[in-house]
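A note on names: the letters A, B, ... follow the listed sequences, proteins ahead of strands, and every chain is numbered from 1.
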Amino acid sequence: MLEAHHLGKSYRLGDNEVTALADVSLTFPRGSITTIVGRSGCGKTTLLRLLAGLEQPSSGELRRSEGGPQRIGVVFQEARLMPWLDVAGNVAFGLRRRLPPEAIAERSRAALDMVGLSAFAEAMPGQLSGGMAQRVAIARALVMEPDLLLLDEPFAALDAFTRRAMQNELIAIWQRKRPTIVFVTHDVEEAVLLGEHVLELERGRVVGHEPVALPFPRDPTTAEVNDHRRRILAKLTAPSPASAPLPEAAANAIAT
Amino acid sequence: MPRLSTLAVFLAALALWHLASNSGLVSTFLLPSPRTVFETLIELAGSGVLAKHTLVSLRRVVSGYLLAIAIAVPCAALFSLTPALRRLIEPLLEFLRQVPPLAMMPLLILWLGIGEAQKIGIIVLSCFFPIFLGVRGGIAAVDRKLIDVGTVCGFSRSEIMLRIVLPSALPAIVVGLRIGLGYSWRALVGAELIASSAGLGYMIVDAENLARTDIVLAGILVIGVLGLITDHLLRDLIQRKAPWLAGDLEMARA
């Protein structure tokens, strides 16, 4: 289990101090898939970077309980592939050299299989479409066999068809491997389609928690998905969220 | 293989040269015909004089260039990794960069004599800055987002340096290496023109003293061809070892 306790992060911008995240307390149960939704600049990416260990919190702490995530995989908004490595090299990038070469090759092959890109193992990043590059980035995260997979708007730049296919692929991978997934998005529909729990973030604070107990794969056109969407949108567009008191559910966003 | 258009441009320049020297407008003493120069070249090659001077020059260029790489790359890496050192020393280096290496020649002659050390020293001074600035600029421009990838993979600082920073900086390093190579030829000839008893620069200045413009031109042609060949070999090596840099190579035309 991964827990965030009163997590806060602020930055200095000139003479001003900007608070990106304020007093966020969350619990991510093992093997769960949680989506975090909010408008641009609400602190989603900051929260994910703190969870990934890419930044240190200004206040509060992150706790990993026993049996909690040890290996972390991150998929960023852009594929961030190394242009000097081919697809197989990019997928194997995070694997340490102390693993035998056969094991590295085997794990990379399996990860590429999982994202349906086995035929492109020798392609260079410049030869890939945006969707393919993002799948390579997902394979690079999966090859680490992460028990915590963090995704920061990974499908934001993709067209609607590729995006839908990738969402289904992600759910299939989650059902097969059961890592704990935290998925950040600004798209409310995507948040409902992918999350068992949807956390709403506004101005650096968690302003709501929407449990979504629908079976996967979810159909975006169903009334249940639309109901969840409507409720989330109502909370996110409510007036002056910064001054509003936090809903009880948001203080400890996911009941465990 | 050179393209047909490239060959055509070279042939056109040759034709112009031929016309200028055969039309009577320019004295053949000042501008010997291409035919005379090529005959001189064959004569120099046959007597072994050309090979002797070329080998001396090549040895100096290779030594100076490799020495410059050996000094500039670690210096640039050290400066990139230690900002305090960079802030301290960089103004001095900036000052030295403004001084043309040939202006240092009298000092180098006094300090190092007129032997090989002085000539190699001039080459090192000439190509140090392009290589140093290429490596420094390349490291400074590395995309932080790629470093994030290494961080989430759990890489150590040295792993990030070796597996992300250096390969990312390679385009700028390659530009510095190519510009440095061009500068090394320029500096070499300057050094050999002033104080030398062998080498292509010496061959040229000796021919000037004997009023042999055909040998002067032959020497200039050989230097140009050698410069082209070494640049081509470096490009070929880069294209084989780092094919994704093909686009960046064009930036490095010094």
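- Within a 6.0 Å sphere centred on CD of A:Glu122, heavy atoms belonging to other residues, nucleotides or ligands number 12 at most.
- In this structure, the portion of A:Leu81 lying under 4.5 Å from any heavy atom of chain B is its backbone and not its side chain.
- In this structure, chain A has heavy atoms under 4.5 Å from both the backbone and the side chain of B:Ile164.
- Residues of residues 131-154 of chain B that come within less than 4.5 angstrom of chain A, heavy atom to heavy atom, are B:Lys145, B:Leu146, B:Asp148, B:Val149, B:Thr151, B:Val152, B:Cys153, B:Gly154 in numerical order.
- Between A:Phe93 and B:Phe155 the shortest heavy-atom distance is O-CZ, 3.3 Å.
- The two atoms that bring A:Trp84 and B:Arg163 nearest to each other are CZ2-O, 3.2 Å, heavy atoms only.
- Counted within 6.0 Å of CZ on A:Arg12, heavy atoms from surrounding residues, nucleotides or ligands total more than 12; the atom is thus considered enclosed.
- Your options are A:Ala52, A:Pro125, A:Pro83, and the one with the most heavy-atom pairs under 4.5 Å with chain B is A:Pro83.
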